[in-house]
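The block underneath contains the structure these notes are about, expressed in structure tokens.
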Number of protein chains: 2
Amino acid sequence: MGPLISVKTIGRLSLYRRLLNRLSTSGTQNVYSHQLAALAGGTAAQVRRDMMAIGYMGSPKRGYDVRELIESIGNFLDSAQDQGVALVGIGNLGRAIMAYFTGRRPKLHIVAAFDSDPYKANRVILGCRCYPIAQLAEIVRELNITVGIVCVPANEAQAVADSLVRAGVTGILNFAPVPLRVGPGVYVEDIDMTMSLEKVAYFARTGSEREVLT
Amino acid sequence: MGPLISVKTIGRLSLYRRLLNRLSTSGTQNVYSHQLAALAGGTAAQVRRDMMAIGYMGSPKRGYDVRELIESIGNFLDSAQDQGVALVGIGNLGRAIMAYFTGRRPKLHIVAAFDSDPYKANRVILGCRCYPIAQLAEIVRELNITVGIVCVPANEAQAVADSLVRAGVTGILNFAPVPLRVGPGVYVEDIDMTMSLEKVAYFARTGSEREVLT
DNA sequence: TAGATTGTTAATCGATTAACAATC
DNA sequence: TAGATTGTTAATCGATTAACAATC
């Protein structure tokens with residue numbers, strides 16, 4: 001059992017790594033907490049706390065070593081073995097997400113896609129095999145898939161989530177515009193684009209002095 | 001100047017309204033805080049706090065009136081006039097988002113799209129006129145657009161955001177995998193799908209007892 | 001009335017911020 | 001050394017939770 005790390009910290013680590021990769025390719029070898037904070041849109045103290053949380057120590061003289069830090073974050077975030085991902089719902093959004101994630105992370109692959117529409121199933125999209133949703137449980141078990149991405153309409157989302165969990169999935173990224181209810185062993189991250197757009201529209205209208213709240 | 005409401009509350013109101021609309025179409029007339037909380041994945045106390053924040057009062061006997069509550073939330077969230085939205089970046093994700101939001105909210109329309117690729121510009125997608133990015137400032141001002149959606153690659157995102165803000169946009173929904181820096185008068189909501197997927201993969205692997213943290 | 005739900009206030013909890021000694 | 005940055009601890013802040021009187 002590793003150290004206890006919050007959801008927010010895990011998310012920031014993902015962001016830090018991407019920012020560090022960009023720095024690295026442009027030749028930067030060291031970075032100070034306030035520099036990384038400026039890039040990430042946070043505070044220097046928060047960056048240092050996050051680094052302490054994963055047990056990576058900097059030095060007062062040179063800050064953090066970019067290469068070592070990327071590696072330390074990878075030790076935390078990345079799985080040792082390949083992790084399979086299932087995408088459910090191959091509509092516009094599903095296909096865009098498939099294209100977006102393909103080849104982005106070496107250990108994290110979308111290895112199967114599912115759709116209730118038989119015309120969408122039984123083909124190959126971006127190198128990923130698509131199946132009818134009736135085969136979901138079978139394929140998820142067979143391929144040892146642990147992560148699901150839900151891109152189906154709101155009224156199908158809960159049933160899809162239930163099927164995924166029953167088949168052994170323990171983490172779900174949910175794009176359906178409705179919260180999912182799952183058991184205690186399963187982590188769900190909701191991406192609610194409608195909510196986000198309405199928030200933006202609201203604060204675009206009423207001014208951003210309220211942005212400071214929370 | 002209306003009452004002070006937090007970003008989180010505004011987001012939840014958006015969710016409540018959608019859930020209430022579903023209840024309404026299925027004939028439900030009243031709802032209790034714990035029922036709405038169960039649907040939204042929150043607590044009853046939180047729902048009641050949110051209702052108090054927008055000044056809508058329930059009754060101990062009948063809880064909240066669904067129809068009135070939908071209307072009260074609308075008074076808060078919705079603009080009196082139409083609000084124009086600009087979408088920048090008409091790749092896979094951009095087109096999916098365009099399809100996703102088209103016709104979803106009566107007062108919130110994507111009225112212009114932009115892309116740096118001339119082959120994508122100067123056409124109509126889903127009823128929305130597309131322009132070369134060179135015309136962004138001009139069109140945004142002309143159409144009084146106040147909300148921008150950024151779907152361009154990471155290395156172009158900050159420049160696009162700067163252009164949008166200069167042209168008068170005061171709210172940005174950012175899908176580019178990099179945080180945007182904007183001045184104080186502008187609200188930015190980041191949707192970082194890579195971060196979200198890595199979080200899900202991490203907690204799918206390490207178990208969800210840590211999910212409780214934060 | 002009895003009872004569940006409501007609005008409201010006080011207590012708790014966690015995260016952020018500020019302060020500071022240690023380090024290169 | 002001087003000085004900026006680091007890890008660490010204490011103070012602050014905000015939100016959530018719990019407790020409770022008021023209401024239909």
Side-chain angles (χ1 to χ4, degrees), chain A residues 3-13 15-16 19-20 23 28-69 72-73 76 179 199 208-214, chain B residues 3-13 15-16 19-20 23 28-69 72-73 76 179 199 208-214:
Chain A
L4 291 171
I5 287 211
S6 79
V7 173
K8 286 184 181 177
T9 296
I10 294 294
R12 285 192 298 261
L13 290 174
L15 177 58
Y16 295 151
L19 297 169
L20 290 166
L23 287 178
T28 310
Q29 298 197 343
N30 309 289
V31 68
Y32 295 113
S33 57
H34 64 88
Q35 294 176 315
L36 194 50
L39 292 171
T43 66
Q46 185 170 67
V47 168
R48 291 206 294 274
R49 249 185 296 126
D50 291 336
M51 299 305 121
M52 287 167 53
I54 66 171
Y56 184 75
M57 306 264 117
S59 98
K61 187 85 170 190
R62 297 169 53 82
Y64 300 92
D65 183 281
V66 171
R67 201 180 46 75
E68 285 179 13
L69 188 46
S72 286
I73 293 174
F76 248 88
K199 277 200 281 189
S208 71
E209 65 275 13
R210 281 165 212 165
E211 178 188 348
V212 183
L213 293 179
T214 297
Chain B
L4 292 170
I5 286 212
S6 77
V7 173
K8 285 184 182 175
T9 297
I10 293 294
R12 285 192 298 261
L13 290 174
L15 177 58
Y16 296 150
L19 297 169
L20 290 166
L23 287 178
T28 310
Q29 298 197 343
N30 310 288
V31 68
Y32 295 114
S33 56
H34 64 88
Q35 295 176 313
L36 194 50
L39 292 171
T43 67
Q46 187 169 68
V47 168
R48 290 205 295 273
R49 250 183 297 128
D50 290 337
M51 298 306 120
M52 286 167 54
I54 65 171
Y56 185 74
M57 306 264 118
S59 99
K61 187 87 171 188
R62 298 170 51 82
Y64 300 91
D65 183 279
V66 171
R67 201 179 46 75
E68 285 179 13
L69 189 45
S72 287
I73 294 174
F76 249 88
K199 277 201 279 188
S208 70
E209 67 274 12
R210 282 165 211 166
E211 179 189 345
V212 183
L213 294 178
T214 297

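Reminder, nothing fancy here: chain letters follow the sequence lines and each chain counts from 1.
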C:dG7 OP1/OP2 closer than 4.0 Å to side-chain N/O of B:Arg49: no

Rounded distance (nearest 0.5 Å) linking atom OH of A:Tyr64 with atom CG of A:Leu36: 9.0 Å

Atom pair CG/NZ of A:Asn30 and A:Lys61 - distance to nearest 0.5 Å: 12.0 Å

Atom CD of A:Gln29 with >12 non-hydrogen neighbours under 6.0 angstrom: no

Rounded distance in Å - CE (A:Met52) to C1' (C:dT23): 15 Å

Contact check, side chains of B:Val31 and B:Leu19, non-hydrogen atoms, under 4.5 Å: no

Secondary-structure stems, DNA chain C, at least 3 Watson-Crick or G-U base pairs under 3.5 Å: C:3-24 with D:3-24

Least distance between heavy atoms, A:Ser72 atom then A:Tyr56 atom: OG-CD1, 3.2 Å

Atom-pair distance (CD on A:Gln46; C1' on C:dA18), nearest Å: 15 Å

Atom-to-atom span, CE of B:Met51 to P of C:dT8 - whole angstrom: 14 Å

Just distance, no hydrogens or angles: give the donor-acceptor pairs under 3.5 Å from side chains in residues 37-52 of chain B, sequence neighbours left out.
{"residue": "B:Thr43", "atom": "OG1", "partner": "B:Gln46", "partner atom": "N", "Å": "3.1"}
{"residue": "B:Arg48", "atom": "NH1", "partner": "B:Ser33", "partner atom": "OG", "Å": "3.0"}
{"residue": "B:Asp50", "atom": "OD1", "partner": "B:Thr9", "partner atom": "OG1", "Å": "3.3"}
{"residue": "B:Asp50", "atom": "OD1", "partner": "B:Arg12", "partner atom": "NH2", "Å": "3.0"}
{"residue": "B:Asp50", "atom": "OD2", "partner": "B:Arg12", "partner atom": "NE", "Å": "2.7"}
{"residue": "B:Asp50", "atom": "OD2", "partner": "B:Tyr16", "partner atom": "OH", "Å": "2.7"}

Spacing of A:Leu15 atom CG and A:Ile10 atom CD1 [to the nearest 0.5 Å]: 13.0 Å

For nucleotides 3-6 of chain D, tabulate all protein N/O to nucleotide N/O atom pairs closer than 3.5 Å, reporting atom names and distance.
{"residue": "D:dT5", "atom": "OP1", "partner": "A:His34", "partner atom": "NE2", "Å": "2.9"}
{"residue": "D:dT5", "atom": "O4'", "partner": "A:Pro60", "partner atom": "O", "Å": "3.4"}
{"residue": "D:dT6", "atom": "OP1", "partner": "A:Ser33", "partner atom": "N", "Å": "3.0"}
{"residue": "D:dT6", "atom": "OP2", "partner": "A:Ser33", "partner atom": "OG", "Å": "2.5"}
{"residue": "D:dT6", "atom": "OP2", "partner": "A:Arg48", "partner atom": "NH1", "Å": "3.2"}

Spatial distance of atom CD1 (B:Ile54) from atom CG (B:Leu69) [nearest 0.5 Å]: 6.0 Å

